[in-house]
Colleague: 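Would you mind keeping the following structure in view while I ask a few things?
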Amino acid sequence: MCAARIEPRTLKGFRDYLPETMIVREQLIDTARRVFRSYGYAPIDTPAMEYLDILSGKGGEETDKQLYRFQDHGGRWVGLRFDLTVPLARFAAQHIGQLGTPLKRYHIATVWRGENTQRGRYREFMQCDFDIIGTRNIAADIEIALVIHDLLAALGLSEFTIRLNNRQVLNGFLELLGLADRSAAVLRALDKLAKVGRQQVVAEMTQTAGASPQQAEQILSLGEISGDNHQVLAQAAALLRENRQGLAGIEQLQQMILALSAAGVPQQRVRVDLSIARGLDYYTGTVYETYLDELPGIGSVCSGGRYDNLAELFTDLQLPGVGASLGLDRLLAAMEELGKVQKVSATAPVFIAFFDSQRLPDYLRLAATLRAAGIGAEVYPEPKKLGQQLKYADRRGFRVALIIGEDEFRSNRCLIKDLQQAVQHDVSLDPEAQQVIATVSQILSSGRT
RNA sequence: GUGGCUGUAGCUCAAGUGGUUAGAGCACCAGACUGUGGAUCUGGGUGUUGGGGGUUCGAGUCCCCUCAGCCACCCCA
């Protein structure tokens, strides 16, 4: 009587998250939230699915290809959100009157992209976006960089580099070269400089982007400028001659560099890189990319930029903005590879053995008392042998185990076992469990892992 | 989306040119141990060899399709 089984499986690029992974993920999310809120950002959420015309045509041709699209049951063309920025544009156009500007929001949610998978590249993944809407002031651009910095630092990463550029520098230079109309293709080629080298960039610029060999060389002479940040900017300024747009971009980068350093961001973590452009079409000013120094191959873990007219397709209101997006799943993959995630599968620190089968109510009451005192506690769900229960507690990474059997109940005592130090305390057990709470708290605060 | 590599137990890997009943370590489960975890000992294989089809007397092994993972391109978090 064996019915045909359906093979359990998941779609390409879509994954299950086991507790071990999920605990770490939630920790990352908690940390991100804390940093966002510390700068005054407020959370929002938007639907996973939107009308297709809201989503399509906003990020360029390639993003349209990767957009999940289909007809819903009512025959409407809809799509799953590709990022959180386009939904933000729609959101802002719709609600900015109510919310007022500047609007500082964060948005932690899943997005979907139908592209080929690879390590750190999934079809369903989570982004943590933070943006400031409603101001053109460079202070906002600076703050975004500060948030990126604090975010990664708070996640325990110290070896990273925030790479900065400004689309105005690039656009100004292309204007100077008479290539303004081909900027998208040219910049896409330039963006690959670090990865494929100058020869291939020149090839792509001349063959597919429509630039002359001389123009390609000139663009590279800008993108290849090296040295410390101030030297890079000075040389770029020279190349830009009198171009107003380009010089405005340089000026903005200059201000950012100075402000970031004044705000305490270590010099080596910020690098002006005039070759980064970013593929998304909607950027107009500052662009950010953040690489882990130990794992550059995994790509940028936090990127973004300024977009001064993103909402123009939805409203006549001028809604300039700047923001960035932390790729939570990519970062997690990277941290795993770097061995920076500690594996824990217990979420509560205290384990209460279900020892005396007649005393379940007492165990439950003790657990409730501990929780009321802010200490997470788990009662084992069956009165198994003590050795097995302790083995479970040990494997799951509990910090302390409480053992109370018949003898202890009779004498109102409780054995508190420190599972890491392998020491056992014998304390009195009163209805408020004061001794127990005190001892457990002491153990918990002593040996933070 | 294009091209390539890979796919055996929860994990890491075995199984000469196709040949009986697919093995090992670790992990896991049970017991030794109805009151004390990491140790030891004993017992247990937990698998439709990713899935489907084909060739063959016989397929983990060869062929085709498919699914998934990885790598490069593309793009990007």
Side-chain angles (χ1 to χ4, degrees), chain A residues 2 4-15 18 20 28 32 59-67 82-85 108-129 148 184 187-189 191-192 195-196 200 204 208 276-281 287-292 297-304 324-334 351 353-357 380 383-409 415-424 426:
Chain A
C2 207
R5 288 270 160 69
I6 297 165
E7 197 199 343
R9 64 216 160 107
T10 52
L11 285 165
K12 183 187 181 73
F14 289 69
R15 302 162 302 151
L18 274 55
E20 195 176 87
L28 289 199
E61 213 177 295
E62 193 62 33
T63 61
D64 273 10
K65 270 194 245 163
Q66 297 180 6
L67 198 59
F82 170 92
D83 65 12
L84 300 176
T85 305
I108 300 175
T110 306
V111 303
W112 294 267
R113 296 184 188 179
E115 64 167 343
N116 243 342
T117 56
Q118 241 167 81
R119 171 151 290 275
R121 298 177 64 158
Y122 313 102
R123 290 186 169 177
E124 178 182 65
F125 60 97
M126 191 166 266
Q127 291 196 320
C128 307
D129 271 40
I148 294 175
L187 294 183
R188 206 174 303 133
D191 202 47
K192 293 172 198 160
K195 201 166 180 183
V196 302
Q200 288 207 49
E204 182 171 337
T208 64
I276 68 165
R278 306 205 37 72
L280 270 48
D281 289 352
V287 291
Y288 312 84
E289 285 196 344
T290 313
Y291 287 85
L292 301 180
I298 203 148
S300 174
V301 295
C302 190
S303 319
S325 179
L326 176 77
L328 187 110
D329 291 287
R330 175 174 288 185
L331 182 64
L332 203 63
F351 176 82
F354 186 174
F355 194 0
D356 184 335
S357 59
Y380 196 76
K384 252 191 174 177
K385 280 193 286 195
L386 187 59
Q388 287 172 14
Q389 294 192 43
L390 287 173
K391 195 169 180 180
Y392 165 87
D394 177 49
R395 300 250 158 108
R396 294 295 165 103
F398 282 91
R399 189 60 222 281
V400 279
L402 303 189
I403 300 168
I404 316 161
E406 217 183 320
D407 302 346
E408 285 75 22
F409 276 119
L415 300 179
I416 298 175
K417 199 174 176 68
D418 182 332
L419 291 168
Q420 270 171 30
Q421 307 298 320
V423 256
Q424 193 161 296
D426 185 345

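First the proteins, then the strands, lettered A, B, ... as listed; each starts at 1.
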Colleague: Provide the distance between the two C1' atoms, one in G45(B) and one in A9(B), to the nearest whole Å.
Modeller: 7 Å
Colleague: Nearest heavy atom decides the nucleotide; on that basis, is R123(A) or A422(A) closer to the 5' end of RNA chain B?
Modeller: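 Looking at the nearest nucleotide for each, R123(A) comes out on the 5' side.
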Colleague: Measure from the side-chain heavy atoms of K12(A) and tell me the nearest of C75(B), G38(B), A68(B).
Modeller: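 From the listed options, A68(B) comes nearest.
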Colleague: Choose from C73(B), A77(B), C75(B) the nucleotide whose nearest atom is closest to any side-chain atom of Q118(A).
Modeller: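 Shortest atom-to-atom distance from the side chain points to C73(B).
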Colleague: OP1, OP2 of C75(B) versus side-chain N and O of K192(A): anything below 4.0 Å?
Modeller: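 Checking C75(B) against K192(A), a side-chain N or O does come within under 4.0 Å of OP1 or OP2.
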Colleague: When you measure from the side-chain N and O atoms of K384(A) to the phosphate of A30(B), is any distance below 4.0 Å, counting only OP1 and OP2?
Modeller: yes
Colleague: Any side-chain N or O of S300(A) under 4.0 Å from OP1/OP2 of A77(B)?
Modeller: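 For S300(A), the contact criterion (side-chain N or O under 4.0 Å from OP1 or OP2 of A77(B)) is not met.
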Colleague: Looking only at side-chain N and O atoms, does Q388(A) come under 4.0 Å of OP1 or OP2 in G31(B)?
Modeller: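 Affirmative; the distance criterion is met.
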Colleague: On the ring face of Y122(A), is R15(A) found with NZ or CZ under 6.0 Å from the centre and within 45° of the axis?
Modeller: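 Yes - R15(A) lies over the ring of Y122(A), closer than 6.0 Å to its centre and within 45° of its axis.
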Colleague: With sugar-phosphate meaning primed atoms plus P, OP1 and OP2, does C128(A) contact a base, only sugar-phosphate, or nothing at under 4.0 Å between heavy atoms?
Modeller: nothing
Colleague: Have a look at G114(A) and say if it touches a base, only the backbone sugar-phosphate, or nothing, with a 4.0 Å heavy-atom cut-off.
Modeller: nothing
Colleague: Which of these nucleotides, U34(B), C70(B), A77(B), is closest to any side-chain atom of F125(A)?
Modeller: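 Selected nucleotide: A77(B).
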Colleague: Does a side-chain N or O of R188(A) approach OP1 or OP2 of C76(B) to a distance below 4.0 Å, or not?
Modeller: no
Colleague: Quick check for you: to the nearest 0.5 Å, what is the distance between E124(A) atom CD and W112(A) atom CH2?
Modeller: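 Atom-to-atom, E124(A):CD and W112(A):CH2 are 6.0 Å apart.
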Colleague: Once rounded to the nearest 0.5 Å, what's the spacing between atom CG of L28(A) and atom CD1 of I108(A)?
Modeller: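 Spacing of CG (L28(A)) from CD1 (I108(A)) equals 10.0 Å.
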